2 protein chains.
Amino acid sequence: MILAPSRPGIYARGSETVDQILKAALDVLIDEGADAFTLRRIAARCDMKVGNVSYHFPRKEMLIQVMLDEMLESYDKLLEEMVRKPGLTAEERLKLVIILCLEDIQTKRTTHLFTELWALANQSEFVADRVRLFYSKVHEVIGEYVAQINPALAPDEVHSVALFISAAMEGSTPFLGHQKPWAAKMPVFTALAAMSFVHLAKTVTSRDLAGLMTEAA
Amino acid sequence: MILAPSRPGIYARGSETVDQILKAALDVLIDEGADAFTLRRIAARCDMKVGNVSYHFPRKEMLIQVMLDEMLESYDKLLEEMVRKPGLTAEERLKLVIILCLEDIQTKRTTHLFTELWALANQSEFVADRVRLFYSKVHEVIGEYVAQINPALAPDEVHSVALFISAAMEGSTPFLGHQKPWAAKMPVFTALAAMSFVHLAKTVTSRDLAGLMTEAA
DNA sequence: GCGAATACTGGACAGTCTTCAAATATTCGT
DNA sequence: ACGAATATTTGAAGACTGTCCAGTATTCGC
């Protein structure tokens, strides 16, 4: 794994400044896109001089890496919060995760950040690495419920189903996410997803997952 | 709809040059990403001087718009080719479209182009407009088969199911697309998609689509 | 093949960008 | 509260960007 440089800021003031820079950087990426992601715009966003941003993050790449790591960590926490719901069956938990994920996708933050991230991952090994790491955790969470719902599945088969559910949900982002053309249909998408994916988890067999893909061509 | 400027190039030579520029521009976007999408890189890619590119496309935005329109038109053709398969039932056709779409997602071209497009659509109204238009056609094609498979559904309900199937498939792009971390699992993803989506189309009812989303929270 | 329309060259322009170094201001352990 | 460590400002370098234009070459209808 590619390590991100440690977060700068020794004095209290410096640390706070770093906070502001990182928040401003994330805001610029969300509100104005990767194209506008420049030190000048970030500095302007938090009422600073470019030189100051450049002092705390000597290379722009460092800023990107620290920002991405902190951002994905916050999503990690969000994910863990979803897990801690007591008194629910595996099926109910899976349904809940689906609902909460799709809810989150509707936020401007998630809609914009992740579409940008998928594009950046095409060129940046660092971004690709972090995105992969994050979704591995998502697959783990979903996979845990799938395994409980359908104990006959082998671990790799469980992962395949989790990957399918996760990817299919994420696919709603560019189409039903924040201010996207079919955003109004997110409730019905959620209903279909909950129904369809839970049914899949319940009924899928090792035979189905053998990847035969027989007829139909 | 936002109109794109008409394609430049009057003489045979000029028209061919425009071809080369548009191809080079697309190649740069696919191979090097939106960050490297500059007139100079595009010019270098087709062995031209910047001034020449700038002559044929006085504004960079014109180049983007013409390029996007030609590119999506080629995907339109691809889509129409999928439809023209004789002697198949609606179910077989739906399965085939799923398989062909997921096959196409595995190409570098589609994986990179569409992830970039989804990101660009966050900021550019023109890109957002064209993307919406394109997927509307996709929904139409899928919806036609869904309607045949499940005649009880109302037109809007058909569209909801088509939207779900389309979005869920597209979601595989950042994860199982060209050189993505779980690309090797595309066969099993395809098998699950074909099975799951066809089953959904067959069994979904108006009640399911009412968007009640009762319990589980 | 003449000549006007079109295509292409090379350079200049005003911006922008990241990065850096020197000068100044602030913080905080002592 | 002194002073070294840290933070911030300022200014500038060097490279990049899209756009424009005068000059030159090519095309193609007549």
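Fair warning: this is a prediction, and the values are worked out from it, not measured in the lab. Order of the sequence lines sets the chain letters (A, B, ...), proteins ahead of strands, with each chain counted from 1.
Rounded to whole Å, the distance from CD1 on B:Ile21 to C1' on D:dG18 is 15 Å. Rounded to whole Å, the distance from CZ on A:Arg40 to P on D:dA12 is 14 Å. Per the geometry, CE belonging to B:Met48 stands 19 Å off P belonging to D:dA25, to the nearest Å. In this entry the distance linking CD of B:Glu61 with P of D:dT17 reads 19 Å, nearest Å. The interatomic distance linking B:Lys60 (NZ) with C:dT16 (P) rounds to 16 Å, in whole Å. B:Tyr55 places its OH atom 18 Å from the C1' atom of D:dG18, with the value rounded to the nearest Å. Residue A:Leu63 contributes atom CG, which lies 10 Å from atom P of C:dT19 at whole-angstrom precision. Rounded to a whole Å, the CD1 atom of B:Ile42 is 11 Å from the C1' atom of D:dG18.
Ring geometry, A:Tyr75 versus A:Phe114: the interplanar angle exceeds 60°, so the pair is classed perpendicular (tilted spans 30 to 60°). Using cut-offs of 30° and 60° on the angle between ring planes, the pair B:His139 and B:His159 is perpendicular. In this pair, B:His112 and B:His178 present their aromatic rings perpendicular. The plane angle is above 60°, beyond the 30 to 60° band.
A:Ser54 comes within 4.0 angstrom of a nucleotide base, judged by non-hydrogen atoms across all strands. Within the 4.0 angstrom heavy-atom criterion, only backbone atoms of the sugar-phosphate kind lie near A:Arg59; the bases stay farther away.
Not one N or O on the side chain of A:Thr111 forms a donor-acceptor pair closer than 3.5 Å with the backbone of A:Gly177.
Dashed line: the shortest gap from a side-chain N or O of B:Lys49 to OP1 or OP2 of C:dG10 is under 4.0 Å.
In this structure, the nucleotide among D:dT8, C:dA4, C:dT9 sitting nearest to the side chain of B:Asn52 is C:dT9. Each of C:dT6, C:dC8, D:dT8 was ranked by its minimum atom distance to the side chain of B:His56; first place goes to C:dC8. Nearest to the side-chain atoms of B:Tyr11 among the listed nucleotides C:dT18, D:dT19, C:dA4 stands C:dA4. The side chain of A:Thr17 sits closest to D:dT8 out of D:dT19, D:dC28, D:dT8.
Between A:Phe57 and B:Gly51, the residue anchored closer to the 5' end of DNA chain C is B:Gly51, taking for each the nucleotide with the nearest heavy atom.
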Between B:Thr17 and B:Asn52, is a side chain to side chain donor-acceptor pair (under 3.5 Å) present by the stated rule, with each step listed? CA-CA 9 Å; B:Thr17 300; B:Asn52 200 18; 5.0 Å; no

